[in-house]
Amino acid sequence: MGWAEEPVPSIDKKDFCKRSIIEGRQPSFNLKSVTRVLNDGSCLYLDLYIFAHKEQLKPDRLIILCEDVTDTAALQSSMVPAVNKNSIKVDCLATARDYIDKFFDSLNDILLVTTGDGKIKKVNKSTQLLFGYTASELIDRPISMITGDEELLRHSILDFRF
């Protein structure tokens, strides 16, 4: 239920929420991170939870619970710059990975990336075209699937180990 949907002449929003809760049209109302500046200049952050309490033979009442979320709010605000910095790094890494993937796939030569024990981790398009396998058919399979010359494979692996 939005504010514009129900005209409430000369009643402010807080009063409208209070009446909506008491009348049962709205089960509760939450206000997150209500901020108060203290005398020493520090901030106090509160979450307010407002709901109705009805008992027989007693008038309807509103219950308002306050939760001090100052530590959480301070932690979140200190984390925002770090999260933003990491987000930028992730974007840069994704851009670099896309560039490397495009370069890798544009090579006309056969290119395979393998683990030290000969398990295929990545192949380019030329490899797929020459051997007639899709990337998913080659990834995590032994390189011996492509060639049975074990001596060539062992020699190649040993030559490129650091």
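We use all heavy atoms of the structure for the numbers below, so side chains are in, but hydrogens, waters and symmetry mates are not. The first residue in the sequence is number 1, and the count goes up from there.
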Examine distances only and state if a side-chain atom of [X] and a backbone atom of [Y] form a donor-acceptor pair shorter than 3.5 Å.
X	Y	result
Thr35	Ser33	yes
Asn124	Ile110	no
Thr70	Leu44	no
Thr95	Asp91	yes

(request) Taking side chain to side chain contact (heavy atoms under 4.5 Å, CB included) as the test, write out the residues that go with Phe51, two or more places apart. (result) Ser28, Ile63, Leu65
Gap separating the [atom1] atom of [X] from the [atom2] atom of [Y], nearest 0.5 angstrom:
X	Y	atom1	atom2	result
Leu111	Ser126	CG	OG	9.0 Å
Ile100	Lys122	CD1	NZ	9.5 Å
Glu67	Tyr49	CD	OH	4.5 Å
Leu46	Ile64	CG	CD1	12.0 Å
Ile50	Leu31	CD1	CG	5.0 Å

(message) What I'd like to find out is whether the side chain of Tyr99 reaches to under 4.5 Å of the side chain of Asp101, using heavy atoms alone.
(response)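 No, every pair of side-chain atoms sits at 4.5 Å or beyond.
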(message) Within the 4.5 Å heavy-atom criterion, are Val113 and Val123 side-chain neighbours or not?
(response) no
(message) Checking Tyr133 against Gln128: is there a side-chain donor and acceptor pair closer than 3.5 Å?
(response)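 Looking only at side-chain atoms, Tyr133 and Gln128 do not form any donor-acceptor pair under 3.5 Å.
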(request) Flag yes if more than 12 heavy atoms outside Asp71 fall under 6.0 Å of its CG atom; otherwise flag no. (result)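 Counting other residues, nucleotides and ligands, CG of Asp71 stays at 12 neighbours or fewer.
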(request) Inspect the surroundings of CG in Asn108 and state if more than 12 heavy atoms from other residues, nucleotides or ligands are less than 6.0 Å away. (result) no
(request) Hydrophobic side-chain clustering at under 4.5 Å (ILVMFWY, transitive links): who's grouped with Ile88? Put none if nobody. (result)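 Reading the cluster by chain and number, Ile88 sits alone, since nothing else belongs.
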(message) Apply side-chain contact (heavy atoms from CB on, under 4.5 Å) to residues Asp140 and Lys119 and explain how you reach the verdict.
(response) CA-CA 6 Å; Asp140 290 328; Lys119 186 181 277 188; 4.0 Å; yes
